[in-house]
Amino acid sequence: MTTHHLDDAAARAAVTEAVRRVVPDAVMPADDVPLRRDLELDSLDFLAFVEHLARITGVPIAEADYPALATMSSCVAFLGARHEP
Amino acid sequence: MGEFTMPSLGPDMEEGTLLEWLVGPGDTVHRGDLVAVVDTAKAAVEVETFEDGVVDRLLVEPGTTVTVGTPLAVLAAPGAAPSPAPVTTAAAPRTTPLVRRLAAELGVDLASVVGTAPAGRITQEDVRHAAAAPAEAAPATLAPATRRRVTPYARRLAAELGVDLEALPARDGEPVRVADVRAAAGPTEAPAPVAAPPAPAPVDPMRATIAAVMSRSKREIPHYYLSTTVDLADALDWMHRRNLDLPLAERLVPAALLLKAAALAAREVPEVNGFWADGRFVPGEGVHLGVAVSLRGGGLVAPALHEADRMPLPDVMHGLRDLVTRARGGRLRGRELTEATLTVTNLGDQGVESVHGVIHPPQVALVGFGRVVRRPWAVGDLLGIRPVVTLTLAADHRATDGFTGGRFLTAVDRILQQPEEL
């Protein structure tokens, strides 16, 4: 499915872009702070965030993966692992 | 000949400001077409016509504030040619009640304020400027002689989206419109952030409206409250199985299931779906669920999801997402603000376990869903861990008794136990 490794910086940038698609003026919280709580994302916001993240990175995201997208750190780890060639 | 008049977009609305025309003389319109954008205290609202016809004349210019019921445009019969009569401009009041209230709060004499909106209308911003710098005749940034012609709503949207109006391409004689601003803002799918008010803003129009409507509710409506706990295990299992096969854009969230269940229950118990008017209950024509949406930056709006009981579940989900996006982006439609027959509030995402709401008059009930939590739960004679939600009803005791409200909650519970029929 994928052809190149998504490094940490690229994953981080993708998460930030996906968040700002939902909350345009979002100030990203610290790496280990839950995104939903900090940015007050409701379930529809979170679904939109996941949609943007999947589109930006090309990584398919199942509903069972949602818990892995809780914080910036966990998102970066998830995207890095799923994006290996 | 028909007339398009300033609509009433809420129980407390007495007047509104026309922000922008979406049609012009000669345009053919059909019932339900969006024809104008009107400013209310809560939002800029796209309003539709209730007649078919051809726009003959526009009677009111953007920026003008008029009372509810004032003719805004003349519609000719379909097929008729527009009359050559020039556009007449209604006498423009200088400001709105909200601005007058703000001026009173800040101790600003409106007679000394220079209005910057079209027709010299005084805006809240003008009042704040005057309060901040009483010695100045007018804010230095204003240069009306050289400023681009911009419709008021386009100007506000530009400020919200950070679009530089001067940088937009000029079109001969045409003012900058909302479409131009949106195009310049780029293809963002996200709603514009609600602009934060300046630090010492004493009166927020949204707060003032909520204060007025909720005070009226608590003054007039004898509320009673019921609550029950609903086992969501079957509903959520069904939803997760269904989501496995679906692309992201079509996946469901629990809120969609809860909304649909509330809509079906309202059809079953129509006594909670409708209005209290002239001393009696008037049933709603259809189940139009008001969906309480919290806005970023504060405030609340509850636009209607029309015919929610008749929508297939995927349409409820799509409608919910669309409504929330537009509510937060300030692009709701008039019908959505006036036709809700029963409001549903879901505070579960905020971590709240139960919500006992305040009814939005003239409706007669409000349904509340809390957070889905895992709890010990008796299943037969065994104890299990199940996802459950606290479901509440605030209802108007003039219209129903607790027995009827109880039937409604029982119906929601029963419907959620058969998710495949949602």
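Convention: sequence-line order gives letters A, B, ...; per-chain numbering from 1.
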Non-hydrogen atoms of chain B under 4.5 Å away: do they reach the side chain of A:Leu53, the backbone, both or neither? neither

A:Ala48, part contacting chain B, at a heavy-atom distance under 4.5 Å: both

Give, as side chain, backbone, both or neither, the part of B:Leu246 having an atom under 4.5 angstrom from any heavy atom of chain A. neither

Counting only heavy atoms closer than 4.5 Å, note whether B:Leu347 contacts chain A via side chain, backbone, both or neither. neither

For the atom pair CG (B:Leu320) and OG (A:Ser43), what is the distance rounded to the nearest 0.5 Å? 7.5 Å

Nearest-0.5 Å distance that lies between atom CZ in A:Phe49 and atom CG in B:Leu248: 11.5 Å

Can you list the steps and then say if A:Asp42 with B:Arg328 is a salt bridge (Lys or Arg N to Asp or Glu O under 4.0 Å)? CA-CA 13 Å; A:Asp42 62 26; B:Arg328 291 187 175 147; 3.0 Å; yes

Please test B:Arg251 against A:Glu51 for salt bridge (Lys or Arg N to Asp or Glu O under 4.0 Å), starting from the C-alpha separation and ending with a verdict. CA-CA 10 Å; B:Arg251 282 181 204 161; A:Glu51 268 188 89; over 6 Å; no

Near A:Glu40 CD, under 6.0 Å, is it more than 12 heavy atoms from other residues, nucleotides or ligands? no

Return yes when atom NE2 of B:His306 has more than 12 non-hydrogen atoms of other residues, nucleotides or ligands closer than 6.0 Å, and no otherwise. yes

Are A:Arg37 and B:Asp349 within salt-bridge range, i.e. N to O under 4.0 Å? no

Would you call A:Glu63-B:Arg242 a salt bridge at under 4.0 Å N-O? no

Matching residue for A:Leu44 among B:Thr325, B:Val324, B:Val293 - test: side-chain contact (heavy atoms from CB on, under 4.5 Å): B:Val324

A:Asp45/B:Arg321 under side-chain contact (heavy atoms from CB on, under 4.5 Å): CA gap, chis, key distance, verdict: CA-CA 9 Å; A:Asp45 294 330; B:Arg321 293 188 75 176; over 6 Å; no

